[in-house]
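Note sheet for the following structure.
Order of the sequence lines fixes the chain letters, A, B, ..., with proteins taken first and strands second; residue numbering starts at 1 for each chain.
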Amino acid sequence: MSLIRKCTSTKPSSITVLNLLRESRCIKHLEQVHTHIIQKGYEQDHFIINQFISLCNVFSPDVSYATSVFEHVIQPNVYVWNTLIKGYSKKSSLVDCFVVLKQMRTSVNVIPDEFTFPSLVKSCSNVLALKEGEIIHGLLVRYGLDSDVFVGSSLIDLYGKCKEIEYARRVFDEISLKNEVIWTAMIVGYVYAGDLLEARKLFDEMPQRNVASGNAMIRAFVKFGDLSGAKKLFDSMPDKDVVSFTTMIDGYAKAGDMASARFLFDRSSNRDIISWSALMSGYAQNGQPNEAVKIFHEMLSMNVRPDEFIMVSLMCACSQLGRLDLANWVEHYMSQNSFDLNQVHIAAALVDMNAKCGNMERAKMLFEGMPKRDLVSYCSMIQGLSIHGCGSQAVDFFDRMLNEGLVPDDVSLKIILTACSRAELVKEGFRIFNLMTTKYSVKLSPDHYACVVDLLGRSGKLQDAYELIKSMPVEPHAGAWGALLGACKLHCDIEVGEEISNRLFELEPQNTGNYVLLSDIYAAANRWLDVALLRQKMSEKGLRKIPGCSSWYAFAALISFAIFNQSEHCISKKPRPRHPQPVKLNANRLVTGTLCGFDQFMNLVIDNTVEVNGNDKNEIGMVLIRGNSMVTIEALEPVA
DNA sequence: ATAGGGTTAG
C-alpha cells in the first residue's frame, strides 16, 4: 500500500511523480500521489495532471475526484480538457458532458480538436441519444473535424445504432481515407438496419480486413440465422481471437446447438469470462440446467471469477431445477463475493429463482425491495404463486401490475391464465382474458386458447370448452385438445372424451399419453371391453405405454421424503389397486392447490386415497423439494 | 519533444 516510500529513493522530480503514477493501481495509490503532487507543487503541470486524471478515469467510480483536481488547474490545456471529457463520457450523464463541453468551448486559448469528440459521440450512442449526437455532429462540421477517421467511426456507430442508416452512409462516403474501423462500423450499421445483403457486400468490398471486421461479419451471419455462413467465415479467418470464438459459441447456443457450442468452447485456446458466459447461458436457456451448473463448477475450479452475467445464468438454471439448496447457496455466494444484489438483472433473477424454488417469502421480500418492478419480475412472482397454489394471490399481483401501468404481453397472459386454471378461478380467468383482448389487444396464440380450454375443462364446463375449441379463430394445437381430454378424464365424460381422442390420435399418433387418458376414462366407467380394444389398437400401431417417465429427481424426492419420515412405505413400490375406484383426489391438483400439508399428503398417497400417475410425480417431486429443504436429492442416485 | 480518441463478444 505504501507506494510513496517505495519510490522516493530518487531525487523528487516530475520523473518521480510520473513513476509513482505509473505504479498506481487503485484510488488509494492516487490519493498518495496526489499529496505528493501538492507538496512538490505540480498542480499546474499539465502533463502530470493529465496523467493523473487519466488514471482517475480508470480507477474512480465517478468523476468527482477528477473534477476536483481539474478545478485546481488555472489554465488547463486541450489535453487536460479532453481527458476530463473522456471521464465524463464514461461515468457521467450526457447533460453533465454537455456542461463540461460548453465550459471548454467558452474558455480562452482552448479550441476543441478531433480528440475531444469521439468519446462524447460514443456516450450518445450508448443511450441512443440521436438529437444530442446531431448537435455534436453540427459542432464537428463547424470545427472542420468531421472527416477525421476517429470522429467518423464514432458517428457511423451512433447513426447505425439509432437506425439512421442513410446518415451513417453519408458520413461513411464523406471520409476519403477509410480504415478497417470505418468499414466495420458501417457493416455493423447495416446489420442494425436489418440489411444483411448490404453488410455482406461491404465486407466483400473492403480493401483490408482485420479480426474485428471478421468478427462483426460472423455476428451478422449469426444474427440472421445463417450459422453455416458464420462457420465458413470463421474457418476462413487467418487470425481468430477470443471474440471470434465467443461469437461463434454464442451463435450456436442461441440456435440451440449446444453440442457445436461445446465443441468450439473446448477447442478455443484462450477463453475469457464471456466465453464461459456464452456457454452457460446457452445451457440455461436451452433447458439443460444441470449442464449449466456443471460449467459453473468447472469455472470455479479453474479459478475464473464469475461475474453478474454468469450468476444470472446460474440462477436461471437453478429456477429450472427448483433446487432450494442451490438457490440458497447462490444467494449466499453472491453476498459473500460483494455482488450488488440490487442490480436490475440480478434482482429479477433472484426473485424468479426464489419463487420457483419455493421460497415465496424471500421472493416477495426481494420483489418489494426492487427499485423498479417490470413485467418480468411480476411474471416471476405470479408464476411462483401459481406453482405454489396461491391462485388468488397471483390474480392480485396481476391486477397490481396493471394498476402500476405496465402493459401485459402474451407471456404474462399465458402465465396468469395458467394460474387461474390451476386454481379453478374460472371467473377471474375470463375477466382477465376479456380485458386482455379488449383493452390491451394482446395477440392471442393457440397457447392462450389452450389455457382457456383447460380453465373451462377443469372446472367441469366441458361443453363450453368444446364449443370454444371448435370456434377458435386460430388453429388449435394438440395441447388444447389434450387439455380438454384431460378434463374429460377428470370428470369422467366418455362421449366427449372419445370424440377428442380420435382427433388427437390423428393429430399426434405417436403420443401414447392420449391412449392412456382414454383408457383411464373407460376404466373409470367400468368399460373394460373398450379398454381392451384400445390396448389392441395401440399394439397394432406398435405403440407401447411408457410407464411414468418423470425425471429422476422427482422419484428421488419422493423416496427420500419417505426415508426422511422413516416411513417403510415407498410409494413407487406400493401397488395401486387394479380395480378402478371413483377418482377421489387428483394428486397434481392436490399438491398445486396445497390443500393439505406434506405429511398429510404422504399419508393420503400411502393409503391410496390419492392417485399418482406418471406425470404427476414430476410435479409432486418438485413441490416436495421446494416445500421441505431438508429433503436433499444429491444423496440419491438417479432412478432409472 | 511529450500526453488525449474510434470498430467486434455475454
So the ring pair (Phe, Tyr, Trp, His ring centres under 6.0 Å) pairs with at least one residue in residues 238-258 of chain A (sequence neighbours excluded) are A:Phe234-A:Phe245
dist A:Trp183:CH2 -> A:Ile156:CD1 (nearest 0.5 Å) comes out at 10.5 Å
Contacts of A:Tyr378 meeting ring-ring contact (aromatic ring centres under 6.0 Å, His included) (sequence neighbours excluded), chain-then-number -> A:Phe367
Quick note, ring pair (Phe, Tyr, Trp, His ring centres under 6.0 Å) partners involving residues 79-123 of chain A, not counting sequence neighbours, are A:Phe70-A:Trp81
So the salt bridge (charged side-chain N to carboxylate O under 4.0 Å, His left out) pairs with at least one residue in residues 108-131 of chain A (sequence neighbours excluded) are none
Residues of residues 92-129 of chain A with a heavy atom under 4.0 Å from any atom of DNA chain B, listed by number, are A:Asp113, A:Glu114, A:Phe115, A:Pro118, A:Lys122
DNA chain B: first to last nucleotide in contact with chain A (atom under 4.0 angstrom from a heavy atom), 5' to 3', is B:dT2 to B:dG10
Taken in chain and number order and not counting sequence neighbours, the residues that satisfy ring-ring contact (aromatic ring centres under 6.0 Å, His included) with A:Phe221 are none
Across all chains, not counting sequence neighbours, the ring-ring contact (aromatic ring centres under 6.0 Å, His included) partners of A:Phe150 are none
Ignoring hydrogens and angles, state whether a donor on the side chain of A:Asp241 or A:Ser244 is under 3.5 Å from an acceptor on the partner side chain. yes
Expected list for residues 171-189 of chain A near DNA chain B, using heavy atoms below 4.0 Å, is A:Asn179, A:Val181, A:Thr184, A:Val188
**Asked** Does a donor on one side chain and an acceptor on the other come within less than 3.5 Å for A:Asn50 and A:Asn77?
**Response** no
Distance col, row A:Asn215:CG vs A:Arg209:CZ, nearest 0.5 angstrom, shows 12.5 Å
Contacts of A:Tyr190 meeting side chain to side chain contact (heavy atoms under 4.5 Å, CB included) (sequence neighbours excluded), chain-then-number -> A:Ile165, A:Arg169, A:Met186, A:Asp195, A:Glu198, A:Ala199, A:Leu202
Within residues 244-253 of chain A, those residues having any heavy atom closer than 4.0 Å to DNA chain B are A:Thr246, A:Thr247, A:Asp250
For A:His137, the ring-ring contact (aromatic ring centres under 6.0 Å, His included) test, sequence neighbours excluded, returns A:Tyr159
